[in-house]
Amino acid sequence: MKKVFIKYNPYQVTTEILIDGKKVKRNSRLNVPDQRLQEWVDNLPEILYEECSTKQFEITFQGTTLDYEDVLAVAQEADKKGIEIKVEHIPAKEVRDKEQAIAEIFEEIQNGPFEELKQPDVVRAFEMAKSSDFEVNVVATMSAGKSTLINSLLGQRLMPAKQEACTATITEIKDNDSNHFEARVFDKEGNLIETQPDITYSIMERLNADPAVSRIHVEGNIPFVTSEDVSLVLVDTPGPNNSRDPEHKAATYRMLSESSKTVVLYIMNATQLAVDDDSNLLGHVAESMKVGGKQSRDRFIFVVNKLDDFKKGEDSIDAAIKKVKDYLADNGIENPNIYPASALTALNIRTILAESDDDDDDDVYEAKGKVRKFNRNEEMYFENYAPLPASARGIIGNRLAKAIEEENANEQALIHSGIVPIEEAIRMYVLKYAKTAKIKNIVDTFIKKLESAQSFETTKKEISSKQEEKDAIVARIDSIQAKLQSGEEAKKFKTKINEINYDKEIAKLANNVIKKAQEKITKYLTSTQKKLSREEADSICAQFAKFAETLQAEVQVELENLIANNVQKSAEGLLAQYKKKLADLVDEINVGDVVLDPFEIMKGEIPSNTSSIISGSVKTERVKTGEEWVANTDKKWYKPWTWFQESGHYKDIYENVEYIDGEELAHKFFAPIEENLFENSSAAQAYAKAETKRIKEAFASKFDELDKLLKAKLNELKECATDEKKAQQKLEEAQRRLDWLEEIHGKVNAILEI
């Protein structure tokens, strides 16, 4: 039996693996130094078998509880394939321990001797990392009960749930633990058109029906999380067949794309599977889930709603879940996380039964009937079907045991309804992925600033103690300052910056996007039958419209990602050029024993994350998605409701002919769309160039600020070398500050240890 030791640190995303006490070989598939555990753990049994030629293993896993549970789940799955794996756990520091340590150290830094560590940008970086929003996107096709599910998570009726008033806007609901909900309302251009200090169901209904409203940002209490835990944002998106704004469809596909790491609650109607719109969306989900291993699977939570609608004896919960699994497998989705639920039952428990116990009230009587149904039938204990790890099951089990002990029938039924396991699944994802990444970001912010301060203090100390070398030191500082001042050097630097571009690369990628879209159109064209009746022509045009709408959203999102990547590359190129500029300021590394390294001195000031500079630039603008293609100027290819207006493109097809040529109809239909695809590609490339130019200008001003700061630091160093009285004072001060920095640095580094 092979003994395997795995130490996984989710905060640093590092892995150490030993087999029988020896490190794995460099070319081994087990050599995964900087990959998240969930990206490779599914393949662990297979790799161990390949490399060790045995099917018996003892794994000792050192890591957090949630990561240990993933290893345990893989071991249990391997057992079904004849690979025996026993797993022991060495506990590690959990997220909550880390968060407490971070808060204590941040307070210590703010009370410390370094003013530069108390600057607004440091505080802001810490606060942003600490309270960054975490989105949970809720998506569904018609009649799946999406609004009801969101209301059940909120514990009140806020989102319109009637068929005639289903979601037509994008609504973001951010948790702030407030005792009421307030809202800001925006139009398609992002302009604020109204505010609501206390929003209600009826106001939301009105806003949802208003065609001028595109997005509603709501803040209030989401009961199952606290705002200190994470800034959770529930995003209610329009269904794919219910979006009055083409950008809304694009927003849905953007959120489903593999580049997104948000949680997706995909709501399905247990009684109504295999809807065309569902299949289109699920194709995108399948593509996204193929990248990123278990984390990609974990972020998709498939909620099978309305499972309580089955009558006893007609069907079973197991059979319904199997049907959903088979349906998802047919759409390319393997091993989905399926959570059965009755959102309406949970909502009624949290609203109607929380407010009244009057059996004479029909709503109360009906809600109590559902409570009895869930509590009396073990098959209706939906929490037993939820694919949760042992720790989450333990939390729910304890909560259920308490409800039984207190004879709280409503709480028991609430747990059985499946909503509580869904809430727990969201919390698990946040803890496992979002919070560990957040801790790493905060620590990186601390370390970079501390290292920069440490380097500067060390240099001050060395200069102050080397008075015999002061002339050489001053000469070197003067040389560096002269280069900073030199118009010729600045000109060279700006020329290098202007030379940075990725035009050819973006053109090639944009053409690939269009080529893929054309291939989809060609496939659609070849499947169109030759002869059509008028009714068939109407029907096929409606299919074309849906296909074209989806294609438009896909192309828009792909072009947006292409632009974002191009801008990101340009930004990274600019930073690399500035770092090279700092390196070029010194011809030699030191003067005697004194190290003068502008990069080390400035490291804490140089932005390591370009997103702070480019944030919002791509998201706030949209690529042009079409032009008029017939005489009627209102007609757009992405507005299917305008296609059959008077003098429409297809009107003459139906006049005085016995049949309609389906192939010709399809070609005419898609000709302007293909034309617009090329226009979109050109627009995307032009926009990427414009954004790159804007980023260059923004960075140029940032570089000027950094140069100014470097000059100030160099002046302070020069003062250490030229003023003997101050030199002694600076030497003592530098030593005190270095001692403090060393202590804090040790504490900060320890945060990421497990």
Side-chain angles (χ1 to χ4, degrees), residues 1-98 101 289-298 334-335 337 387-394 428-429 431-433 435-437 439-440 443-444 447 746 749-754:
M1 182 174 283
K2 289 283 183 181
K3 293 185 183 293
V4 181
F5 172 76
I6 302 174
K7 179 181 179 181
Y8 173 66
N9 185 326
Y11 312 107
Q12 294 178 319
V13 192
T14 56
T15 306
E16 179 188 343
I17 299 179
L18 304 176
I19 298 177
D20 288 339
K22 296 177 182 176
K23 286 186 178 180
V24 295
K25 294 176 183 175
R26 184 172 293 181
N27 62 351
S28 167
R29 288 172 66 194
L30 289 171
N31 194 4
V32 285
D34 56 357
Q35 289 182 44
R36 193 168 279 284
L37 174 84
Q38 286 73 22
E39 291 181 45
W40 54 266
V41 73
D42 283 346
N43 300 319
L44 181 62
E46 170 200 324
I47 299 170
L48 286 173
Y49 173 59
E50 279 178 12
E51 299 205 5
C52 302
S53 301
T54 180
K55 291 189 174 182
Q56 291 185 311
F57 301 93
E58 279 184 7
I59 293 179
T60 302
F61 179 79
Q62 184 176 3
T64 64
T65 301
L66 290 174
D67 290 327
Y68 159 68
E69 286 175 339
D70 282 342
V71 175
L72 193 61
V74 166
Q76 289 166 351
E77 199 61 32
D79 191 53
K80 297 175 188 174
K81 299 173 184 175
I83 300 177
E84 182 189 337
I85 300 177
K86 294 177 182 176
V87 186
E88 287 187 11
H89 183 210
I90 300 175
K93 292 279 188 180
E94 301 290 346
V95 167
R96 195 163 293 281
D97 303 321
K98 303 295 183 186
M289 288 177 72
K290 286 174 186 172
V291 181
K294 190 175 186 302
Q295 181 172 0
S296 290
R297 288 206 312 279
D298 283 355
E334 301 293 337
N335 302 317
N337 294 307
L388 287 167
S391 59
R393 288 191 174 283
M428 291 294 107
Y429 188 95
L431 279 171
K432 194 188 295 183
Y433 302 112
K435 284 207 166 192
T436 52
I439 286 165
K440 176 77 163 62
V443 170
D444 284 350
I447 286 176
N749 280 326
I751 290 172
L752 294 183
E753 294 301 324
I754 62 168

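Quick caveat: nothing in here was measured; it's all calculated off a predicted structure.
The structure places CE of Met1 at 10.0 Å from CD1 of Ile85, a figure rounded to the nearest 0.5 Å. Expressed to the nearest 0.5 Å, how far CG of Leu72 lies from CG of Asp67 amounts to 12.5 Å. Separation of atoms CG (Asp70) and CG (Leu44) is listed at 11.5 Å; rounding is to 0.5 Å. A distance of 8.0 Å separates CD in Glu46 from CD1 in Ile83, rounded to the nearest 0.5 Å. Atom-to-atom distance recorded for Leu48:CG and Thr54:OG1 is 10.0 Å, nearest 0.5 angstrom.
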Trace of the side-chain contact (heavy atoms from CB on, under 4.5 Å) decision for Thr60 with Ile90: CA-CA 7 Å; Thr60 302; Ile90 300 175; 3.6 Å; yes
Ile19/Lys3 under side-chain contact (heavy atoms from CB on, under 4.5 Å): CA gap, chis, key distance, verdict: CA-CA 6 Å; Ile19 298 177; Lys3 293 185 183 293; over 6 Å; no
Trp40 and Arg29: CA distance, side-chain angles, deciding distance, side-chain contact (heavy atoms from CB on, under 4.5 Å) verdict: CA-CA 9 Å; Trp40 54 266; Arg29 288 172 66 194; over 6 Å; no
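Here the shortest heavy-atom pairing between Val87 and Tyr68 reads CG1-CE1, 3.6 Å. Among all heavy-atom pairs drawn from Ile754 and Pro10, the shortest one is CG2-CD, 4.1 Å. Smallest separation of non-hydrogen atoms from Cys52 and Lys2: CB-CG, 4.0 Å. For Gly63 against His89, the heavy-atom pair with the smallest separation is O-NE2, 2.7 Å. Arg36 and Lys432 make their closest contact through NH1-O, 3.7 Å (heavy atoms, listed as atom of the first residue, atom of the second, distance). Of all the heavy atoms in Arg297 and Asn337, the pair that sits closest is O-ND2, 3.0 Å.
We find that Lys86 and Glu58 are not joined by a salt bridge, their nearest charged nitrogen and carboxylate oxygen being 4.0 Å or further apart. Residues Lys25 and Glu51 are not paired through a salt bridge, judged by the lack of any N-O separation under 4.0 Å between the basic side chain and the carboxylate.
Judged by the 6.0 Å distance and 45° axis criteria, Lys98 is positioned over the aromatic ring of Tyr11. By the 6.0 Å and 45° rule, Lys55 stacks over the aromatic ring of Tyr49.
Glu753 and Asn9 are not linked by any side-chain donor-acceptor pair at a separation below 3.5 angstrom, with hydrogens and angles left out of the test. Counting only N and O atoms by type, the side chains of Asn31 and Ser28 include no donor and acceptor under 3.5 Å apart.
Checking Leu37, Val71, Thr64 one by one against Tyr8, the side chain to side chain contact (heavy atoms under 4.5 Å, CB included) holds for a single residue, Leu37.
Crowding of Glu94 atom CD: a count of heavy atoms from other residues, nucleotides or ligands under 6.0 Å exceeding 12.
At least one side-chain heavy atom of Glu69 sits under 4.5 Å from a side-chain heavy atom of Ser391. Side-chain contact between Leu66 and Val95 is absent, with no heavy-atom pair separated by less than 4.5 Å. Within the 4.5 Å cutoff, the side chain of Ile6 has heavy atoms near those of the Thr15 side chain.
Between the side chain of Glu84 and the main chain of Ala75, no donor-acceptor pair closer than 3.5 Å is present.
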